[in-house]
K.L.:
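Provided herewith is a single structure, encoded as structure tokens, for subsequent inquiry.
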Amino acid sequence: WQLLANQGRQCVVAHYPLSWPANASAAGQDNLFVVSGWIGTPDAGGEQNAFYPPNLGDEIERQTGLAWEALNPAQSRQHDFAHYIREAESHQRRKCRLFTFLIKHYAPDFFAGVFFDTDRVLHLGMDRLETNPDDSSILSYFKHLDTCLGELVELLDGYAVFVISD
């Protein structure tokens, strides 16, 4: 995204791992908007350098009602998967709102957004799926993700879209 921004392209990066502090990768760019990823973000004071430009966090909160704390991934609770999956689905809904806002508001030439909880849902829920392949909580999570991705792809009509998973 830095190369594209340097070429004058409008770029939005949201929740890309290890993108904190946001200003390190974007300083001086008026066509690059970054919402930091969670990996590498310190717990204390993480919000201070989580957005570029620095007022982007305020703009997101004003336009969507989403504060920095609401944008972080659900906390893993291996001992209480039912609670975790509800938290993860709620986080996914907030992230979908964030991505939709960023795409509509900034009309990027390049957009990169990361849904992190998909990996953790499967890692924590694999045993459940093996014993109950129709686990409705896991299926619900992925059905909502599919709906969200469909909405984002519609917003990005005419663009090349890559959905990547490990």
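Fair warning: this is a prediction, and the values are worked out from it, not measured in the lab.
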K.L.:
Identify the heavy atoms of Glu59 and Tyr106 that sit nearest to each other, and give their distance.
P.N.:
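Residues Glu59 and Tyr106, closest heavy atoms: CG-OH, 3.9 Å.
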K.L.:
So which of Arg86, Glu89, Arg128 actually passes side chain to side chain contact (heavy atoms under 4.5 Å, CB included) with Ser137?
P.N.:
Arg128
K.L.:
To the nearest 0.5 angstrom, please state how far the CG atom of Leu156 sits from the CD1 atom of Ile103.
P.N.:
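So the CG of Leu156 and the CD1 of Ile103 are separated by 4.0 Å.
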K.L.:
For the residue pair Phe51 and Ile60, establish whether any side-chain heavy-atom pair is separated by less than 4.5 Å.
P.N.:
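Yes, at least one pair of side-chain atoms sits under 4.5 Å.
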K.L.:
Say you draw a straight line from SG of Cys11 to CD of Gln29; how long is it, rounded to the nearest 0.5 Å?
P.N.:
8.0 Å
K.L.:
Ignoring hydrogens and angles, state whether a donor on the side chain of His105 or Gln63 is under 3.5 Å from an acceptor on the partner side chain.
P.N.:
no
K.L.:
Nearest 0.5 Å please: distance from the CZ atom of Phe110 over to the CG atom of Leu3.
P.N.:
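So the CZ of Phe110 and the CG of Leu3 are separated by 10.5 Å.
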K.L.:
Given 3.5 Å as the limit, does a donor-acceptor pair link the side chain of Lys95 with the main chain of Val114, or not?
P.N.:
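Yes, Lys95 side chain to Val114 backbone: donor-acceptor pair under 3.5 Å.
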K.L.:
How many angstroms lie between atom CG of Asp80 and atom CG of Leu124, to the nearest 0.5 angstrom?
P.N.:
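It is 11.5 Å, given to the nearest 0.5 Å.
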K.L.:
Would you check if Arg97 and Phe101 make a side-chain contact, meaning some heavy-atom pair closer than 4.5 Å?
P.N.:
no
K.L.:
Under 3.5 Å, side chain of Arg94 to main-chain N/O of Leu66, donor-acceptor pair present?
P.N.:
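Pair absent, no side-chain N/O of Arg94 close to backbone of Leu66.
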K.L.:
Keeping to residues at least two apart or across chains, list the salt bridge (charged side-chain N to carboxylate O under 4.0 Å, His left out) pairs with something in residues 141-157.
P.N.:
none
K.L.:
Do Val12 and Val35 have side chains that get closer than 4.5 Å, going by heavy atoms?
P.N.:
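They are not in contact (no side-chain heavy atoms under 4.5 Å apart), so the answer is no.
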K.L.:
Show your reasoning for whether side-chain hydrogen bond (donor to acceptor under 3.5 Å, both in side chains) applies to Asp117 and Tyr84.
P.N.:
CA-CA 10 Å; Asp117 285 316; Tyr84 168 73; 3.3 Å; yes
K.L.:
Determine whether Phe81 and Ile138 satisfy the following criterion, side chain to side chain contact (heavy atoms under 4.5 Å, CB included), listing intermediate values before the conclusion.
P.N.:
CA-CA 10 Å; Phe81 184 78; Ile138 295 173; 3.9 Å; yes
K.L.:
Starting at CE of Met126, measure out to OG1 of Thr131 and round the result to the nearest 0.5 Å.
P.N.:
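The distance works out to 11.5 Å.
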K.L.:
For a 4.5 angstrom cut-off between non-hydrogen side-chain atoms, does Phe142 reach Leu122?
P.N.:
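Sidechains of Leu122 and Phe142: in contact.
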K.L.:
Are side-chain heavy atoms of Leu152 and Thr100 found at a separation under 4.5 Å?
P.N.:
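In contact.
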K.L.:
So do Phe115 and Val163 actually touch side chain to side chain, heavy atoms under 4.5 Å?
P.N.:
no
K.L.:
So, for Tyr52 and Leu32, which heavy atoms are closest and what is the spacing to 0.1 Å?
P.N.:
CD2-O, 3.4 Å
K.L.:
List in chain and number order the residues that pass side-chain hydrogen bond (donor to acceptor under 3.5 Å, both in side chains) with Thr118, two or more places apart in sequence or in another chain; answer none if no residue qualifies.
P.N.:
none
K.L.:
List the atom of Asp109, the atom of Tyr159, and the distance in Å for their closest heavy-atom pair.
P.N.:
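Closest heavy-atom pair between Asp109 and Tyr159: O-CE2, 3.7 Å.
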K.L.:
Between the main-chain N or O of Leu145 and the side-chain N or O of Gln92, is there a donor-acceptor pair closer than 3.5 Å?
P.N.:
yes
K.L.:
State, without any angle test, whether Glu87 and His91 hold a side-chain donor-acceptor pair at a distance under 3.5 Å.
P.N.:
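No pair is found: no donor N or O on one side chain lies under 3.5 Å from an acceptor on the other.
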K.L.:
Could you tell me which non-hydrogen atom of Phe99 sits nearest to which non-hydrogen atom of Ala14, and how far apart they are?
P.N.:
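Closest pair (atom of Phe99, atom of Ala14, distance): CE2-CB, 3.4 Å.
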K.L.:
Quick one: closest heavy-atom pair of Ala88 and Val121, and the distance?
P.N.:
CB-CG2, 4.1 Å
K.L.:
Is there side-chain contact between Tyr141 and Ile85, with heavy atoms separated by less than 4.5 Å?
P.N.:
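Yes, side chains in contact.
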K.L.:
What closest approach, in Å, do Pro133 and Leu139 show between heavy atoms, and which atom pair accounts for it?
P.N.:
O-CD1, 4.4 Å
K.L.:
Is there a donor-acceptor pair under 3.5 Å between the side chain of Asn55 and the backbone N or O of Asp58?
P.N.:
no
